[in-house]
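First the structure, in the form of structure tokens, and then the observations on it.
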Amino acid sequence: MANPPPASAAILISGNGTNLQAFIDAVQTGSLQLEIAVVVSNRPDAYGLTRAGNAGIASACVRNGDYPDRDTFDKALGDVLDEYAPDLVILAGFMHILSGEFVRRFEGKILNIHPALLPKFPGLNTHQRVIDAGERWHGSTVHFVTEELDGGPGILQGRIPVLADDTAVRLSARVQTIEHKIYPRAAALFASGRLKFSDGESWLDGAKLVEPVQFDGE
Ligand code: GRF
């Protein structure tokens with residue numbers, strides 16, 4: 001019997017798209033069974049759109065400025081996504097705070113990656129804030145998106161030590177190296193049916209995750 005078709009994903013970006021590239025590479029090398037159905041940017045100059053084109057993936061641009069407010073933008077964005085009926089909506093550097101209505105529309109299907117060890121350091125400028133706070137550890141967290149900003153249940157977390165001479169730029173580069181490993185892995189768990197969202201929690205292999213799984217570097 002033929003294999004069932006892989007789960008499909010829409011990947012939302014605003015910029016460089018190195019995480020998008022990690023997904024493209026993982027799919028192309030066969031380590032991730034996922035069909036990237038569409039890449040959507042809210043910025044027309046996002047380099048990630050070029051990455052999508054180079055990989056032969058459909059793309060669309062939905063610009064915030066073309067809509068009078070967040071709710072109408074989110075409605076238009078959701079309508080574009082619905083054309084592709086994605087199993088998964090992957091936020092990969094998507095610089096826009098989604099409305100509760102959008103989150104409910106795609107409930108349990110939206111993943112985000114946040115460059116900090118959540119619940120520490122939600123919000124922006126995490127790398128500099130980590131240095132300023134004298135933290136010894138930093139990293140990144142993949143989580144399901146809920147209506148609470150950067151507050152959805154964690155899935156996978158990778159951490160790195162903060163070095164004495166670290167700058168925000170250096171830390172960011174090392175965090176991204178981790179992100180490119182953990183984000184496709186989290187998507188693979190979802191695509192295979194092992195990872196689910198239910199009752200506001202992450203569930204892995206039928207058990208509630210009380211905290212994100214720690215990525216051990218392998
Ligand atoms: C990542 O560091 C991610 O943690 C944050 O936005 C950044 C996107 O980077 N949400 P890129 O566009 O994937 O290179």
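In each ligand, atom 1 is the first atom listed, and ligand 1 is the first ligand listed. We're numbering straight along the sequence, starting at 1.
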Using 0.5 Å steps for rounding, measure from the CZ atom of Phe121 to the OG1 atom of Thr141. 12.0 Å
Polar contact flag, side-chain donor to acceptor under 3.5 angstrom, His127-His138: yes
Would His96 and Ser14 count as having a side-chain donor-acceptor pair, cut-off 3.5 Å? no
Indicate yes or no: does [X] engage [Y] in a salt bridge with an N to O separation below 4.0 Å.
X      : Y      : result
Arg174 : Asp166 : yes
Asp82  : Lys75  : no
Arg104 : Glu147 : yes

Using a 4.0 Å cut-off on heavy atoms, what residues surround ligand 1? Order them by chain and number. Asn16, Gly17, Thr18, Asn19, Gly93, Ile113, Pro115, Gln176, Glu179
